[in-house]
Amino acid sequence: QVQLVQSGGGLVQAGGSLRLSCAASGRTFSSYRMGWFRQAPGKEREFVATINWTGTSTYYADSVKGRFTISRDNAKNTVYLQMNSLEPEDTAVYYCAADASAAVATTPWVYDYWGQGTQVTVSS
């Protein structure tokens with residue numbers, strides 16, 4: 001069993017930056033792939049970014065490529081999402097997710113564990 005606790009988020013003006021953190025319990029964090037997803041009001045949950053278990057492979061949604069960076073610190077059991085050049089369209093509840101597989105994955109249904117979600121609001 002893995003528990004994911006998210007922190008970060010909040011309100012920022014367009015063009016600003018935020019960093020989300022997701023801390024995982026358990027000793028096997030380094031064997032989990034991690035992902036970030038988001039859900040805006042009235043919309044389906046969508047993929048944002050994913051990272052493999054070693055941190056050597058990442059993949060991003062086209063909408064955030066070049067602006068967001070996913071990273072992980074296996075010694076701290078934590079995955080991060082650095083969000084720069086934020087746009088109002090980035091406003092959503094952001095979720096981290098974990099799954100006991102090695103490779104990156106962009107589909108939410110493969111992830112077994114989810115964080116509690118954190119609100120990110122970008123004002124214009």
Side-chain angles (χ1 to χ4, degrees):
Q1 191 77 7
V2 174
Q3 290 188 321
L4 304 176
V5 178
Q6 297 178 222
S7 60
L11 174 64
V12 66
Q13 288 189 331
S17 298
L18 286 173
R19 188 176 81 158
L20 305 182
S21 299
C22 175
S25 64
R27 295 177 292 177
T28 57
F29 176 76
S30 60
S31 63
Y32 282 71
R33 63 182 162 201
M34 302 296 295
W36 286 97
F37 294 80
R38 66 187 182 186
Q39 189 165 17
K43 295 187 177 181
E44 293 185 352
R45 190 167 297 191
E46 66 172 358
F47 165 73
V48 176
T50 179
I51 189 167
N52 72 337
W53 59 336
T54 59
T56 56
S57 179
T58 58
Y59 190 78
Y60 298 90
D62 287 343
S63 58
V64 307
K65 199 173 297 182
R67 301 188 298 121
F68 290 12
T69 302
I70 187 171
S71 62
R72 67 190 296 161
D73 185 338
N74 286 345
K76 295 183 178 180
N77 282 12
T78 302
V79 64
Y80 305 97
L81 185 68
Q82 178 66 44
M83 304 183 293
N84 299 329
S85 301
L86 282 160
E87 303 168 353
E89 293 73 23
D90 296 318
T91 295
V93 177
Y94 284 70
Y95 298 89
C96 66
D99 171 60
S101 298
V104 296
T106 64
T107 51
W109 52 83
V110 305
Y111 289 88
D112 294 324
Y113 306 102
W114 290 84
Q116 80 276 18
T118 186
Q119 178 70 46
V120 170
T121 303
V122 184
S123 63
S124 57

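Heavy atoms only: backbone and side chains are in, while hydrogens, waters and symmetry mates are out. For this chain, numbers begin at 1 and follow the sequence in order.
Residues R38 and E46 have side chains in contact (heavy-atom distance under 4.5 Å, counting atoms from C-beta outward). F29 is listed as a side-chain neighbour of M34, based on a closest heavy-atom distance under 4.5 Å. Two residues are said to be in side-chain contact when any heavy atoms from C-beta on lie closer than 4.5 Å; V120 and L18 meet this criterion. Put simply, the side chain of T118 does not reach to within 4.5 Å of the side chain of V93, judged on heavy atoms. In this structure the side chain of L86 never reaches within 4.5 angstrom of the side chain of Q13, judged on heavy atoms. Within the 4.5 Å cutoff, the side chain of Q82 has no heavy atoms near those of the F68 side chain. At least one side-chain heavy atom of M83 sits under 4.5 Å from a side-chain heavy atom of L20.
The CG atom of N77 sits 10.5 Å away from the SG atom of C22 when rounded to the nearest 0.5 Å. Rounding to the nearest 0.5 Å gives a distance of 7.0 Å between CG of N52 and CZ of R72. Here the OH-CG distance, from Y32 to D99, works out to 8.0 Å after rounding to the nearest 0.5 Å. Annotation: the span from L11 atom CG to S123 atom OG amounts to 5.0 Å, rounded to 0.5 Å. Taking CG from L81 and OG from S71, the interatomic distance works out to 8.5 Å, rounded to the nearest 0.5 Å. Put simply, CD on Q6 and CD on Q116 are 4.5 Å apart, with the number rounded to the nearest 0.5 Å.
For K65 and Y59, the positive end sits near the middle of the six-membered ring, less than 6.0 Å away and at most 45° from its axis. Judged by the 6.0 Å distance and 45° axis criteria, R45 is positioned over the aromatic ring of Y95.
Hydrophobic clustering (side-chain heavy atoms under 4.5 Å, transitive across Ile, Leu, Val, Met, Phe, Trp, Tyr) keeps W53 apart from I70.
In summary, the side chains of T121 and Q119 do present a donor paired with an acceptor at a separation below 3.5 Å, with no hydrogens or angles considered. Under the 3.5 Å distance criterion, with hydrogens and angles disregarded, a donor-acceptor pair is assigned to the side chains of T50 and Y111. Between the side chains of S17 and N84, at least one donor N or O lies within less than 3.5 Å of an accepting N or O.
A donor-acceptor pair under 3.5 Å is formed between the side chain of T78 and the backbone N or O of K76. The closest donor-acceptor contact from the side chain of S25 to the backbone of Q3 lies under 3.5 Å.
Taking every heavy atom of both residues into account, P88 and A14 meet most closely at CD-CB, 4.1 Å. Heavy atoms only, all atoms of each residue included: T28 and S31 are closest at O-OG, 2.7 Å. Considering every non-hydrogen atom in both R33 and A103, the closest pair reads CD-O, 2.6 Å. Nearest heavy-atom pair across D90 and S85 is OD2-O, 4.4 Å.
Note on residues 111-122: no pairs pass salt bridge (Lys or Arg N to Asp or Glu O under 4.0 Å), not counting sequence neighbours.
Checked against the 6.0 Å centroid criterion, the rings of W36 and F47 do not qualify as a close aromatic pair.
Taking the six-membered ring where tryptophan is involved, the planes of F37 and W114 are tilted, since the angle between them lies from 30° to 60°.
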Between Y80 and D73, is the side-chain contact (heavy atoms from CB on, under 4.5 Å) condition met? List the steps. CA-CA 8 Å; Y80 305 97; D73 185 338; 4.1 Å; yes
